[in-house]
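First up is the structure itself, then whatever we jot down about it.
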There are 2 protein chains.
Amino acid sequence: MTNTKTTNKERSKSEAKAEAIIKGAMQEFLKHGYAAASMDKIAKTAKVSKATVYSHFGDKESLFSAVVQDLVKDKFQTVMGLQKPQSLEQEPKIVLSQIGMRMLENTRSDRNFQDFVRIIIGESGRFPQLAQAYVRNIAKPGIEILSQYFKAHPELKLDDPEATVRVMVGTLVYFVILQEMLHGQDILPLENERLVNTLTDLITQHQNC
Amino acid sequence: MTNTKTTNKERSKSEAKAEAIIKGAMQEFLKHGYAAASMDKIAKTAKVSKATVYSHFGDKESLFSAVVQDLVKDKFQTVMGLQKPQSLEQEPKIVLSQIGMRMLENTRSDRNFQDFVRIIIGESGRFPQLAQAYVRNIAKPGIEILSQYFKAHPELKLDDPEATVRVMVGTLVYFVILQEMLHGQDILPLENERLVNTLTDLITQHQNC
DNA sequence: GTCTATAAGGAGATAGAC
DNA sequence: GTCTATCTCCTTATAGAC
């Protein structure tokens with residue numbers, strides 16, 4: 001045994017600081033990006049000394065990694081919570097519309113989420129593992145939930161449910177990227193309803209045949 | 001008249017340097033991102049002194065702006081060249097497949113283009129005007145070309161051609177983002193053909209009714 | 001216009017007291 | 001574990017010679 005003198009209370013204090021550092025770093029990284037965020041400012045935001053930041057996380061890259069993994073867990077909750085309170089057995093057309101509309105409303109108004117996606121994509125060349133954490137823990141679960149729904153509804157007569165999910169998710173996500181993150185809403189105006197209706201019509205088209 | 005002593009040859013030399021600076025800066029910005037790119041390295045890459053860089057572009061932000069606008073013009077050519085050599089009047093199903101496949105093949109293998117999109121999205125919070133230049137000069141023209149095709153083919157019986165274009169473009173672009181830029185191809189494997197076939201089937205489905 | 005040299009400040013990271 | 005103080009290096013930007 002090592003002479004660990006830290007009591008529970010002391011460890012709690014230390015963990016509280018670690019948490020404060022993560023939150024402060026999160027704020028700074030999301031605001032300025034990885035390179036432009038400074039460890040000085042992060043320490044100030046977290047109300048600890050810079051040395052404490054380094055004793056907890058070693059270096060800037062490790063801190064960034066910890067922050068992103070925290071964010072990934074956080075946003076995973078968001079994605080999962082998105083589909084839950086659905087009236088379970090309605091017409092697919094209505095269910096799909098609701099899912100699409102809710103997803104757009106939630107993400108288009110969530111600046112924090114947009115900053116998160118910005119940093120994931122922006123740093124995906126230099127931090128490929130973090131990009132893959134996003135794919136594995138956010139994109140994949142989202143895709144799989146919708147995929148299960150499609151497979152559970154054979155009346156949709158989808159030739160390739162998995163590829164169809166990609167159509168739906170890609171349409172919605174790139175729409176948010178263009179309209180909000182890239183500030184394109186005045187250049188390429190289009191209402192949520194028109195996009196979602198078109199999407200659900202394409203997918204449920206067989207019903208009309 | 002001011003006593004402009006610059007002859008044509010001298011101006012050419014100066015413009016050649018400006019071009020070299022742009023190209024060097026492009027390389028560095030695409031590789032390291034805006035904040036992590038250094039003016040020292042940019043000057044070295046362009047084989048001029050740092051003072052020359054500043055005399056041409058004023059400061060780092062202006063240089064970045066010039067670089068991105070150059071890239072936007074460049075990539076506009078790519079987007080326009082993408083649709084050109086199409087056998088004009090084939091079945092829509094085949095034309096759409098060809099457009100989709102070609103787009104995926106071109107962009108999935110073009111690391112330079114991916115770095116460009118990375119920096120546009122990554123810096124879109126801090127440089128909204130540059131993001132809008134991308135939307136205006138690349139996304140919009142691409143969308144409009146496809147839109148014209150859809151509108152010129154009423155036999156597709158599309159309720160909302162403009163929204164349908166967004167479905168197609170969003171599906172393809174987000175696919176490239178997920179598979180290549182975010183390194184998701186081993187986590188969420190899917191072949192180009194399956195995505196494009198699903199997409200074209202959804203859009204041209206009426207033909208089967 | 002272009003260079004060398006340098007200013008002025010901020011960056012990441014650590015030493016050493018407590 | 002946490003702090004203050006500091007080290008060292010690199011950053012953007014400019015002054016002044018040619």
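Throughout, a chain's letter reflects where its sequence line sits, starting with A, and its residues are numbered from 1.
In this structure, A/I21 places its CD1 atom 11 Å from C1' of D/dG1, rounding to the nearest Å. Atoms CZ (A/F29) and C1' (C/dA11) sit 13 Å apart, rounded to a whole Å. Atom pair A/K13:NZ and D/dC3:P shows a separation of 11 Å (rounding to whole Å applied). We find that CD of A/E19 is positioned 13 Å from P of D/dT2, with the value rounded to whole Å. Counting to the nearest Å, the P atom of C/dG12 and the CZ atom of A/F57 are 16 Å from each other.
Close to D/dC3, at under 4.0 Å from its OP1 or OP2, lies a side-chain N or O of A/K17.
Here the CD1 atom belonging to B/I42 is positioned 10.5 Å from the NZ atom belonging to B/K50, to the nearest 0.5 angstrom.
Considering only residues two or more places apart in sequence or on other chains, B/R126 meets the salt bridge (charged side-chain N to carboxylate O under 4.0 Å, His left out) condition with B/E123. Under the salt bridge (charged side-chain N to carboxylate O under 4.0 Å, His left out) criterion, A/K17 pairs with no residue at all, not counting sequence neighbours.
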**Study point:** Under 4.0 Å protein heavy-atom contact, by nucleotide of nucleotides 4-18 of chain D - B base, S sugar-phosphate only
**Key:** B------SBBBB---

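Sorted by first and then second residue, the pairs that involve residues 60-73 of chain A and meet salt bridge (Lys or Arg N to Asp or Glu O under 4.0 Å), not counting sequence neighbours, are A/K23-A/D70.
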Show me the donor-acceptor pairs within less than 3.5 Å that the side chains of residues 112-119 of chain B make with the rest of the protein, sequence neighbours left out.
residue: B/N112; atom: OD1; partner: B/K75; partner atom: NZ; Å: 2.9
residue: B/Q114; atom: NE2; partner: B/T107; partner atom: O; Å: 2.9
residue: B/Q114; atom: NE2; partner: B/R108; partner atom: O; Å: 3.1
residue: B/D115; atom: OD1; partner: B/R118; partner atom: NH1; Å: 2.8
residue: B/R118; atom: NE; partner: A/S124; partner atom: OG; Å: 2.6
residue: B/R118; atom: NH2; partner: B/M181; partner atom: O; Å: 3.0

Anything under 3.5 Å between a donor and an acceptor, one on a side chain of residues 138-147 of chain B, the other on a protein residue two or more places apart or in another chain? List them.
none

